[in-house]
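First up is the structure itself, then whatever we jot down about it.
Sequential numbering from 1 along the given sequence is applied to the chain's residues. On a predicted model such as this, the values are computed, not experimentally measured, just so you know.
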Amino acid sequence: QVQLVESGGGLVQPGGSLRLSCTASLNAFTVIAMGWYRQAPGNQRELVARITRGGNTDYADSVKDRFTVSRDYAMNTVYLQMNSLKPEDTAVYYCNVDGYQSMAERREYWGQGTQVTVSS
């Protein structure tokens, strides 16, 4: 079983910052990558940022140079530092873990989501 617990969302003014965190409880699971997705009302869920065990990162073009994803694999935790926030960053942010269950079955799991609202 895999359980993801997210925290750090909230209300912030444009130009402000937030730091999201997600800790995963893993059982016989080999992690390939952990990351963050977001979904705003009326929009599809989209990738924000992800990081592999080797430290390779991917970012959405809309957040490059503003957001930074990092991880502590010893603690099975992924972070998202969000700077220079814009109203269009408003969404529910979901933690994601991607890997192999029992080193054989490809699986991914999702957190419950945390609301980020950027508004004056």
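- Residue pairs meeting the disulfide bond (SG atoms under 2.5 Å apart) criterion with at least one partner in residues 3-65, sequence neighbours excluded, are Cys22-Cys95.
- Residues passing the side chain to side chain contact (heavy atoms under 4.5 Å, CB included) test with Gln44: none are found, sequence neighbours excluded.
- Residues passing the salt bridge (charged side-chain N to carboxylate O under 4.0 Å, His left out) test with Asp61 are Lys64, sequence neighbours excluded.
- Residues meeting the salt bridge (charged side-chain N to carboxylate O under 4.0 Å, His left out) test with Glu108, sequence neighbours left out: none.
- Residues satisfying the salt bridge (charged side-chain N to carboxylate O under 4.0 Å, His left out) test with Arg19, not counting sequence neighbours, are none.
- Residues meeting the side chain to side chain donor-acceptor pair (under 3.5 Å) test with Asp98, sequence neighbours left out: Arg50, Arg106.
- Residues that satisfy the side chain to side chain contact (heavy atoms under 4.5 Å, CB included) test with Val92, not counting sequence neighbours, are Tyr94, Gln115.
- Applying the side chain to side chain contact (heavy atoms under 4.5 Å, CB included) rule to Glu46 yields the partners Arg38; only residues at least two apart in sequence or on another chain are considered.
- Residues that satisfy the side chain to side chain contact (heavy atoms under 4.5 Å, CB included) test with Ser17, not counting sequence neighbours, are Gln81, Asn83.
- Shown here are the salt bridge (charged side-chain N to carboxylate O under 4.0 Å, His left out) partners of Arg45, two or more places apart in sequence or in another chain: there are none.
- Legend: residues meeting side chain to side chain donor-acceptor pair (under 3.5 Å) with Tyr79, ordered by chain and number and at least two apart, are absent.
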Side chains of residues 52-60: which donor-acceptor pairs under 3.5 Å do they make with residues two or more places apart or in other chains?
from: Thr52; atom 1: OG1; to: Gly54; atom 2: N; distance (Å): 3.3
from: Thr52; atom 1: OG1; to: Gly55; atom 2: N; distance (Å): 3.4
from: Thr52; atom 1: OG1; to: Asn56; atom 2: N; distance (Å): 3.2
from: Tyr59; atom 1: OH; to: Val69; atom 2: N; distance (Å): 2.9

